[in-house]
Protein chains: 2
Amino acid sequence: MREPTFLVLTALTDGPKHGYGIIRDVAELSDGRVKLLPGTLYAALDRLVAQGLVEHVRDDVIDGRMRRYYSLTGNGLRVLQAETARLRQLAGAAEARLRALKPRLT
Amino acid sequence: MREPTFLVLTALTDGPKHGYGIIRDVAELSDGRVKLLPGTLYAALDRLVAQGLVEHVRDDVIDGRMRRYYSLTGNGLRVLQAETARLRQLAGAAEARLRALKPRLT
DNA sequence: CAACATATATTGCCGATCAATCTATCCGCA
DNA sequence: TGCGGATAGATTGATCGGCAATATATGTTG
């Protein structure tokens, strides 16, 4: 799973959000590094819904603007936990190698 | 940067390796999760060389089999460190969200 | 009234990976 | 002796996900 998709799932852990809300939350979660583009977000949401990791819960109209809300499914949460563990393992393996390298420079 | 490419760079931190050696090391680094396919590896190596993150250091012939060695460049090391920090941040952000979620279940 | 933020949506392109296949050598086992 | 498996490198075509660009529409701010 790629970074934008991972961040979409992460953004949905603390409750349902609509598209633009996800864009804002993802920017915050990534310290401003990842600014989701509409093409990326909506394609990712469609894909995640098709995979059963996210579901479309309701539509609201706030001040004349449409808001389409999405929520993480139980399976989506499990997949996110597995992906997080994968990232942790990956970062850990690289850090171990880098730590083993640096002491040689002293 | 994607996972296979990241693992190729990580595999090269402890010294030059040839293609098949990288494949073995990446499998080990990822606890058997990532089995690099030839198409992925050689495309990644060509790309990394073109980007100056990896260099082709020498060719050996061992027992009649060709071995093409690649090494991490100084810039490659810096990029790997930055990518590792990114992964760490990403995993950390997701873990914080998941930790905030779980206590609600108690 | 212009610019900007909010909000969703579509289209075409491209980069990276995957799947499959190929060639070739060496080693162990039956 | 021959067969499979491990070693070693390479190519091709397909697919998937993200990016760039653009479009529509409303609300807010200067």
Side-chain angles (χ1 to χ4, degrees), chain A residues 1-12 16-30 32-51 53-54 56-70 79-80 83 86-87 90, chain B residues 1-12 16-30 32-51 53-54 56-70 79-80 83 86-87 90:
Chain A
M1 182 184 297
R2 306 273 303 259
E3 188 175 39
T5 303
F6 177 81
L7 285 164
V8 168
L9 290 183
T10 304
L12 292 177
K17 287 190 173 68
H18 65 289
Y20 205 77
I22 294 172
I23 290 178
R24 275 192 261 105
D25 199 17
V26 162
E28 196 184 314
L29 275 169
S30 65
R33 230 187 342 98
V34 180
K35 294 173 201 312
L36 281 183
L37 299 169
T40 302
L41 175 68
Y42 294 108
L45 285 174
D46 288 348
R47 202 185 334 118
L48 290 168
V49 166
Q51 293 170 345
L53 306 186
V54 160
H56 174 208
V57 281
R58 67 176 186 280
D59 291 341
D60 281 357
V61 177
I62 309 283
D63 292 328
R65 287 197 214 84
M66 230 261 273
R67 284 187 173 183
R68 175 155 292 178
Y69 282 84
Y70 294 89
V79 168
L80 176 61
E83 284 292 307
R86 182 179 69 85
L87 285 185
L90 203 57
Chain B
M1 183 182 298
R2 309 268 301 256
E3 188 176 40
T5 303
F6 176 81
L7 285 164
V8 168
L9 290 183
T10 304
L12 292 177
K17 287 192 172 68
H18 65 288
Y20 206 77
I22 294 173
I23 290 178
R24 275 193 260 103
D25 198 18
V26 162
E28 196 184 313
L29 275 170
S30 66
R33 228 184 344 97
V34 179
K35 293 173 201 312
L36 236 42
L37 300 169
T40 302
L41 175 68
Y42 296 109
L45 285 174
D46 288 347
R47 201 184 334 118
L48 291 168
V49 167
Q51 293 170 346
L53 306 187
V54 160
H56 175 211
V57 281
R58 68 176 188 279
D59 290 341
D60 281 356
V61 178
I62 309 283
D63 293 329
R65 288 196 214 85
M66 229 260 273
R67 283 189 174 181
R68 175 156 291 177
Y69 282 82
Y70 294 90
V79 168
L80 176 60
E83 284 293 307
R86 182 180 68 86
L87 285 185
L90 203 56

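Just the heavy atoms: all of them, side chains too, but no hydrogens, waters or symmetry mates, feed the values below.
As rounded to whole Å, 15 Å separates atom C1' of D:dT11 from atom CG of B:L45. Residue B:K35 contributes atom NZ, which lies 18 Å from atom C1' of C:dA20 at whole-angstrom precision. At whole-Å resolution of the value, OH in B:Y20 and P in D:dG9 are 10 Å apart. Rounded to whole Å, atom P of D:dA8 lies 4 Å from atom CZ of B:R67. Between the CD1 atom of B:I62 and the C1' atom of D:dA8 there is a distance of 12 Å, rounded to whole Å. Distance CD1 (B:I23) to P (D:dA8): 10 Å, rounded to an integer number of Å. Rounding to whole angstrom units, CZ of residue B:F6 and P of C:dA16 are separated by 16 Å. One can place CG of B:D63 at 7 Å from P of C:dC26, the figure rounded to the nearest angstrom.
For the pair A:L36/A:V8, a side-chain contact is recorded, criterion being any heavy-atom separation below 4.5 Å from C-beta on. Contact of the B:Q51 side chain with the B:V79 side chain is not registered, since no non-hydrogen atoms from C-beta on lie closer than 4.5 Å. Proximity of B:T5 to B:E83: side-chain heavy atoms (C-beta onward) are nowhere separated by under 4.5 Å.
Annotation for A:G19 and A:L41: closest pair O-CD2, 3.3 Å, computed over non-hydrogen atoms. Taking both residues in full, the closest heavy atoms of A:F6 and A:L80 are given as CE1-CD1, 3.5 Å, listed atom of the first, atom of the second, then distance. The nearest pair of heavy atoms linking A:S30 to A:L7 is CB-CD1, 4.1 Å.
Picking from D:dC19, D:dA8, C:dC18 the nucleotide with the shortest atom distance to the side chain of A:T40 gives D:dC19. Nearest to the side-chain atoms of B:R65 among the listed nucleotides C:dC26, D:dG9, D:dC19 stands C:dC26. Of the candidate nucleotides C:dT6, D:dA10, D:dC19, D:dC19 has the atom lying nearest to any side-chain atom of A:L37.
Neither OP1 nor OP2 of C:dA9 sits under 4.0 Å from any side-chain N or O of A:Y42. Between B:R24 and D:dA8, a side-chain N or O to OP1/OP2 separation shorter than 4.0 Å is present. Close to D:dG18, at under 4.0 Å from its OP1 or OP2, lies a side-chain N or O of A:T5. Contact annotation: B:R68 side-chain N/O to D:dA10 OP1/OP2 distance is under 4.0 Å. A sub-4.0 Å separation between OP1 or OP2 of D:dG18 and a side-chain N or O of A:R47 is present.
Checking A:D60, A:D46, A:D59 one by one against A:R68, the salt bridge (Lys or Arg N to Asp or Glu O under 4.0 Å) holds for a single residue, A:D59.
Inter-axis angle, ends of the helix from C:dC1-D:dG30 to C:dA30-D:dT1, five pairs per end, rounded to 10 degrees: 20°.
The residue A:P4 sits close only to the backbone: its heavy atoms come under 4.0 Å of sugar-phosphate atoms, none of a base. Within the nucleic acid shown, B:G39 comes within 4.0 Å of at least one base atom, counting heavy atoms only.
If you find the closest nucleotide of DNA chain D to A:G64 and to A:A44, the one lying nearer the 5' end belongs to A:A44. Summary of the strand contacts: A:R2 and A:Y70 both lie near DNA chain C, and taking for each the nucleotide with the nearest heavy atom, the more 5' one is attributed to A:Y70.
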